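Computation of the quantities below employed the complete heavy-atom set of this structure, encompassing side-chain atoms and omitting hydrogens, waters and symmetry-equivalent molecules. Computed from a prediction, not measured in an experiment: that's the story for all the values here.
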Amino acid sequence: MQFAKDSFYMALRDRLAALNPNRTVTLSGATRPAVIVAENELVIPIEPLPDAFYLEWGAAKAVAHHCGYPPLMEMACTISHHTFGTCDSAIDRGRTLAALDSELLSICQVAHTAKRDYTTSPSVDLGTSIFWLGPFFGDISGSEGRNGGSMDVRLERKATVRVFFFPEVGL
């Protein structure tokens with residue numbers, strides 16, 4: 001399952017870097033594309049970073065009514081993002097959130113990628129692919145969050161992407 005999660009993350013990260021090289025975050029002293037998997041980070045900010053995509057994984061399960069071995073598996077990936085806007089008055093929060101939504105739609109297309117083992121360098125092609133549906137966007141909500149040194153209202157949204165893969169056997 002980890003190979004599928006890593007391959008999905010790397011596909012989104014690389015696609016975001018190509019689509020919008022200015023959408024970056026700095027974590028642990030390294031600047032990189034603004035796609036973050038909290039479970040992979042040594043240190044995560046207490047307040048989520050604005051204008052970044054956070055990936056959180058649900059449990060894996062076998063796809064119902066699929067015959068064969070190994071079974072086709074599915075995991076839900078929740079991708080959350082929020083913004084305070086780009087100006088002090090925050091009047092552009094809606095437009096900025098829409099830009100994030102558009103970027104998420106763009107980086108989720110084409111909806112497949114090779115499954116790779118990223119525990120070695122260079123990574124190794126595992127001979128299968130992963131594919132996904134979505135993203136399915138939830139409602140926009142607002143909450144208070146720390147924006148620099150002050151508390152402001154941010155606009156936020158979550159989207160769910162269903163990721164499908166075949167598990168590795170014997171690895």
Side-chain angles (χ1 to χ4, degrees), residues 1-45 48-83 96-138 156-171:
M1 287 178 277
Q2 190 62 48
F3 296 132
K5 293 191 303 186
D6 291 347
S7 297
F8 183 71
Y9 159 72
M10 293 297 285
L12 295 189
R13 186 199 73 170
D14 292 349
R15 292 172 183 184
L16 182 62
L19 177 68
N20 183 354
N22 295 319
R23 182 140 345 260
T24 61
V25 294
T26 301
L27 285 171
S28 302
T31 300
R32 60 182 201 236
V35 179
I36 301 164
V37 182
E39 70 185 50
N40 294 348
E41 298 298 327
L42 294 175
V43 177
I44 55 173
L49 298 172
D51 306 311
F53 300 103
Y54 281 82
L55 280 60
E56 297 176 71
W57 290 98
K61 62 182 179 181
V63 173
H65 308 296
H66 178 268
C67 298
Y69 182 81
L72 179 63
M73 302 294 291
E74 170 186 351
M75 279 189 294
C77 181
T78 301
I79 304 173
S80 57
H81 52 284
H82 74 273
T83 187
T96 306
L97 189 67
L100 286 163
D101 291 347
S102 180
E103 285 180 7
L104 181 57
L105 285 170
S106 293
I107 65 176
C108 284
Q109 295 300 323
V110 173
H112 63 84
T113 192
K115 186 166 48 164
R116 303 187 68 83
D117 177 354
Y118 288 96
T119 62
T120 62
S121 184
S123 64
V124 176
D125 187 339
L126 295 174
T128 61
S129 295
I130 65 168
F131 60 96
W132 53 89
L133 303 175
F136 300 99
F137 288 98
E156 53 198 12
R157 186 191 310 263
K158 291 184 179 186
T160 302
V161 176
R162 292 174 53 204
V163 178
F164 299 89
F165 62 97
F166 289 101
E168 293 72 37
V169 179
L171 290 179

Original post:
Given side chains that start at C-beta, do those of Glu39 and Leu55 come closer than 4.5 Å, heavy atoms only?
Top reply: no
Original post:
Can you name the nearest heavy-atom pair linking Val63 to Glu74, along with the distance?
Top reply: CG2-CB, 3.9 Å
Original post:
Which value, rounded to the nearest 0.5 Å, describes the distance between Phe3 atom CZ and Thr119 atom OG1?
Top reply: 5.5 Å
Subject >> Leu104 side chain reached by Val161 side chain, heavy atoms, under 4.5 Å >> reply: no
Original post:
Can you name the nearest heavy-atom pair linking Pro33 to Val25, along with the distance?
Top reply: O-CG2, 4.0 Å
**OP:** Could you tell me whether the side chain of Lys158 reaches within less than 4.5 Å of the side chain of Thr160, counting heavy atoms only?
**Re:** no
Original post:
Which heavy-atom pair separates Val35 from Arg13 by the least distance, and what is that distance?
Top reply: CG2-CA, 4.0 Å
Original post:
Looking at Leu126 and Arg116, what are the two nearest heavy atoms and their distance?
Top reply: CD1-C, 3.8 Å
Original post:
Taking it one step at a time, do Leu72 and Phe164 satisfy side chain to side chain contact (heavy atoms under 4.5 Å, CB included)?
Top reply: CA-CA 7 Å; Leu72 179 63; Phe164 299 89; 4.2 Å; yes
Original post:
How close do Met75 and Lys5 get, heavy atom to heavy atom, and via which atoms?
Top reply: CE-CG, 3.3 Å
Subject >> His81 vs Thr83, side chain to side chain contact (heavy atoms under 4.5 Å, CB included): CA-CA, chis, key distance, verdict >> reply: CA-CA 7 Å; His81 52 284; Thr83 187; over 6 Å; no
Subject >> Residues forming a ring pair (Phe, Tyr, Trp, His ring centres under 6.0 Å) with Phe137, sequence neighbours excluded >> reply: none
Subject >> Non-neighbouring partners of Phe8 that pass ring pair (Phe, Tyr, Trp, His ring centres under 6.0 Å), sequence neighbours left out >> reply: Trp57, Trp132
Subject >> Interatomic distance, Ile107 atom CD1 to Arg23 atom CZ [nearest 0.5 angstrom] >> reply: 9.5 Å
Subject >> Heavy-atom closest pair, residues Pro70 and Phe166 >> reply: O-CD2, 3.5 Å
Subject >> Tyr118 and Ser7, any side-chain heavy atoms less than 4.5 Å apart >> reply: yes
